[in-house]
Number of protein chains: 2
Amino acid sequence: MTGKPEGAQQRATAEMVARAAEVSRAAVSRAFNPEAPLKPEKRARILKIAEELSYTPDRAARALVTRRSHLVGVIVPDVCSPWESQEVDALTTALQAEGFATLLFKTRVDSSMDERLLTYMRGFNPDSVIVFAENVRPHMLSRFLDRAVPIYVTYPVERRPAEREDDGRWPGEPDTLFDRIDVDQWEGMEQAVALLAGYGCRRIAYLSGKPVSLGQHARRKTLEALMARRGLPALVVVPGDFSYDKGYAGTLDLFRLEGGADAVFAANDESAFGALDALRYELKLRVPEDVKVIGFDDIAQSHWRSYNLTTVKVDLEARVRALVRLIQRRLKTPDAPAIAETVRTRLVVRGTVG
Amino acid sequence: MTGKPEGAQQRATAEMVARAAEVSRAAVSRAFNPEAPLKPEKRARILKIAEELSYTPDRAARALVTRRSHLVGVIVPDVCSPWESQEVDALTTALQAEGFATLLFKTRVDSSMDERLLTYMRGFNPDSVIVFAENVRPHMLSRFLDRAVPIYVTYPVERRPAEREDDGRWPGEPDTLFDRIDVDQWEGMEQAVALLAGYGCRRIAYLSGKPVSLGQHARRKTLEALMARRGLPALVVVPGDFSYDKGYAGTLDLFRLEGGADAVFAANDESAFGALDALRYELKLRVPEDVKVIGFDDIAQSHWRSYNLTTVKVDLEARVRALVRLIQRRLKTPDAPAIAETVRTRLVVRGTVG
DNA sequence: CGCCTAAATGAAAACGTGTTCACTTTTCCA
DNA sequence: TGGAAAAGTGAACACGTTTTCATTTAGGCG
């Protein structure tokens, strides 16, 4: 008994279908391309025979001549993270519906973007590349990928002030080379700060994510700007790395060594869970009575009864829709000017505030 | 300012490298294949020039002639689920290290396996296919994929009794056509039942997963066999679908309508969280004092303080290692007999028991 | 220095498809 | 019915590789 049993026929080829249908190979090719001119009854006959032989055009061969692989490279630091897996899930579904396939690659968010990974990925000829690693800056990508390949970097920005303060990390405006999806963090965070202020919170702590993440950096800047507007005291910044464990430990440090806070604003939901558990089980504080907690993302776990987290929701569906729309547009008109779409955020109020 | 600026040169081709290095195209090809005969200094020169032109062999073209795409198709029902995302993550890392890329597809676990998806996927010529959808039976796959493509179905089985009782769903032993990774659920569940019995639990409920899942079905069978051995009363089966919400609702039903239980054994960790929250926050019962709870998988969230779940851990790393090992073996010797590797399970004791 | 063997090399043939370009057939209108 | 325009069709080329097969070059030994 072998893994490749006797009947292991090779895949059917267009040539074989052509022979069986007594037409030319070109006709077979045209049968699978709806726009190509071909007499309807002939197309039907060809497709029928193709079905019987279970023939499908070989995408590798097709890619060679059409310059379209229908592959979309997706670079993600950590598929395990609930937020990223949610994003990969939605994206894969959307791409699949449009005739693409997801080519998944992993990088480490704490390493600078691996040059080898980009070269490696390029070998597969993706039609497009989506980078969810927030530490990746476009100028890295431009060195290694063909300009013809549209690249999408999801880069969360603060909306106001329009000028970015810490621009050393985003030099020379190379971002206009790429289409971009921006997450407007202002709106949701404005609502969050308003809510906290309404409850009289003054001393607010920010439980940060990995320092290399541009997104969490923007989050902190936004928070500081919003608090300054309301005349609140300076933000207390607690180092973190997006993980539950760091959220837990950081919160312990905050309350044992740094004098605590009225509210903890976490860079993402997962670390907010860590903060919650530290407050409740280790520090014996009540949430929301003693301390308020707010997260960022609104992952599926946030509505679980044990956490029931108030959080700033990013419109993931809209983000994925925009992404796919931009890819299609770019592939259709490669020379169109680069554009940036913006995705909104809004506060979801649950049990950890009020 | 356009998305495809003036300097948008096409990708370098072997032909261009050959011309620049004043050698033949064949030499360039050989330079990238370490086993191919080529004078060392010449290889070095070619590689240097290739580097300068940032040339990489086109994998689509290469696949056409070598019949190796270096693509591995992975079919997953739901990337969002913590367990599956953990598996995809580990697998992607391992495949990447071996020179493969993950081609990710999504199906719905509650649908019967979509035939269109398989045909669609086949068009990309994956070297191998890994199916994590537990409802997929091999005979579906054999109709749509070439026999030359090794397929891996992860199929959790009960170890003892060796004979499977409900074999209608796994007809005619077609499984020997494919390499297989089996999860031996017996060992870990034996430990779990022993622990529960030690605490005097007699009325045990099983919070099941989706009915179509062969894995959860095997889990129930194993549990029943283990309980029968110890002379425990019959298992109380609560319908579920692996989700938190169903775990929550199912547990409410169990205690309000079915008379409750001493212990709840959930088909996976996520639904165990639902059970826990229902017990604590809605039914006002104490865990583990009033009711014990045990999960299955040991996902990352299980050690979070709010849950701190006792659970049966599946050795994910071993499973992924075995998977990659089997793929390599099959690609090297396509005619080798099909084999099945077994992955162990063991109980991780945390706070929800004892 | 000359022969024989082994290693290195390039020309050319695949691999399976899409597409151009002539060519043939059909359709439509006068 | 004739002719022109339109539509349908097939042969051949291109896409970028790997690999076979002659051929050339280098190497070792007498």
Side-chain angles (χ1 to χ4, degrees), chain A residues 9-47 50 53-71 99 122-127 146 148-149 331, chain B residues 9-47 49-50 53-71 99 122-127 146 148 331:
Chain A
Q9 73 279 23
Q10 284 303 314
R11 266 189 65 175
T13 163
E15 179 68 36
M16 297 159 73
V17 176
R19 200 160 1 222
E22 292 174 326
V23 294
S24 75
R25 210 168 40 72
V28 177
S29 170
R30 280 191 262 262
F32 279 87
N33 190 338
E35 289 98 43
L38 192 63
K39 222 149 73 181
E41 60 256 34
K42 183 176 256 189
R43 161 168 289 136
R45 198 178 76 231
I46 294 178
L47 289 180
L53 298 179
S54 77
Y55 164 80
T56 312
D58 183 327
R59 298 191 99 116
R62 170 185 279 178
L64 208 52
V65 42
T66 59
R67 329 291 280 169
R68 285 274 176 274
S69 63
H70 288 263
L71 258 29
R122 199 190 56 163
F124 290 98
N125 270 331
D127 285 347
D146 315 323
V149 176
L331 290 179
Chain B
Q9 73 279 21
Q10 285 302 315
R11 266 188 66 174
T13 165
E15 179 68 37
M16 297 160 72
V17 176
R19 204 166 351 231
E22 293 174 324
V23 294
S24 75
R25 219 183 44 247
V28 177
S29 171
R30 281 193 262 261
F32 279 85
N33 190 338
E35 289 99 44
L38 192 63
K39 230 159 54 186
E41 61 256 34
K42 183 176 252 185
R43 162 169 287 136
R45 198 177 77 229
I46 294 178
L47 288 179
I49 294 191
L53 299 177
S54 75
Y55 163 80
T56 312
D58 183 327
R59 297 190 100 115
R62 169 185 279 179
L64 209 51
V65 41
T66 59
R67 328 290 281 169
R68 286 275 177 272
S69 62
H70 287 263
L71 257 31
R122 200 191 54 163
F124 289 98
N125 270 331
D127 285 347
D146 315 322
L331 290 178

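Note that these values count all heavy atoms, side chains included, but never hydrogens, waters or copies made by symmetry. For clarity, every value in this text was computed on a predicted model and none was experimentally measured. In the text below, chain A, chain B and the rest are named by the order of the sequence lines, each starting its count at 1.
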- Item | Minimum heavy-atom distance between S69(A) and A63(A), given as atom pair plus value | CA-CB, 3.9 Å
- Nearest whole angstrom, please: distance from the C1' of dA7(C) to the CD of E35(B). 17 Å
- Think K39(B) has a side-chain N or O under 4.0 angstrom from the OP1 or OP2 of dA7(C)? no
- Message: Under 4.0 Å from OP1 or OP2 of dT17(D): is there any side-chain N or O of T13(B) that close?
- Response: yes
- Message: Tell me if a side-chain donor or acceptor on D127(B) pairs with a main-chain N or O of R68(B) at a distance below 3.5 Å.
- Response: no
- Which atom pair, heavy atoms only, marks the closest approach of A12(B) to M16(B)? CA-SD, 3.8 Å
- Message: Between N33(A) and dT19(C), is there a contact of a side-chain N or O with OP1 or OP2 at under 4.0 Å?
- Response: yes
- Task: Between A12(A) and K42(B), just flag the one whose closest nucleotide in DNA chain C comes earlier from the 5' side.
- Result: K42(B)
- Message: Checking contacts here: which listed nucleotide (dT19(D), dT19(C), dT9(C)) is nearest the side-chain heavy atoms of S29(A)?
- Response: dT19(C)
- Any donor-acceptor N/O pair, R59(A) side chain to H70(A) backbone, under 3.5 Å: no
- Item | Length of the CD1-C1' vector between I46(B) and dG10(C), whole Å | 12 Å
- Query: Is the phosphate of dT9(D), meaning OP1 or OP2, less than 4.0 Å from a side-chain N or O of S24(A)?
  - Reply: no
- Query: Between the side chains of R11(B) and N125(A), is a donor N or O closer than 3.5 angstrom to an acceptor N or O?
  - Reply: yes
- Separation between CD of E22(B) and CD1 of I49(B), rounded to the nearest 0.5 Å: 8.0 Å
- Can you check the E41(A) CD to dT9(D) P distance for me, whole Å? 8 Å
Sub-3.5 Å pairs of nitrogen or oxygen atoms, protein against nucleotides 20-25 of chain C:
none

- Query: To the nearest Å, how far apart are E22(A) CD and dT9(D) P?
  - Reply: 14 Å
Pair up each side-chain donor or acceptor in residues 23-43 of chain A with any protein partner under 3.5 Å, not counting sequence neighbours, and list the distances.
| from | atom 1 | to | atom 2 | distance (Å) |
| --- | --- | --- | --- | --- |
| S24(A) | OG | A26(A) | N | 3.4 |
| S24(A) | OG | A27(A) | N | 3.2 |
| N33(A) | OD1 | E35(A) | N | 3.3 |
| R43(A) | NE | A31(A) | O | 3.3 |
| R43(A) | NH2 | R30(A) | O | 2.9 |
| R43(A) | NH2 | N33(A) | O | 3.2 |
| R43(A) | NH2 | A36(A) | O | 3.1 |

Report all interatomic pairs (protein N or O, nucleotide N or O of nucleotides 13-15 of chain C) with separations under 3.5 Å.
| from | atom 1 | to | atom 2 | distance (Å) |
| --- | --- | --- | --- | --- |
| dA13(C) | N6 | R25(B) | NH2 | 3.4 |
| dC15(C) | O3' | R67(B) | NH1 | 3.1 |

- Query: Could you state the interatomic distance from OG1 (T56(A)) to CZ (F124(B)), rounded to the nearest 0.5 Å?
  - Reply: 11.0 Å
- Looking only at dG10(C), dT9(D), dT19(C), the nucleotide nearest the V23(B) side chain is dG10(C)
- Task: Measure from CZ on F124(B) to P on dT17(C) and round the result to the nearest Å.
- Result: 14 Å
- Task: Name the nucleic acid region contacted by F32(A), choosing base, sugar-phosphate or nothing; use a 4.0 angstrom heavy-atom cut-off, strictly under.
- Result: nothing
- Locate the shortest heavy-atom distance separating A61(B) from L64(A); write the atom from each residue and the value. CB-CD1, 3.6 Å
- Message: What is the separation between atom CD on E15(A) and atom C1' on dG18(C), rounded to the nearest whole Å?
- Response: 15 Å
- Task: Take the protein atom CZ of R68(A) and the nucleotide atom P of dG16(C), then report the distance between them rounded to whole Å.
- Result: 24 Å
- Note on the structure: Here the distance between atom C1' of dA14(D) and atom CZ of R62(A), to the nearest Å, is 17 Å
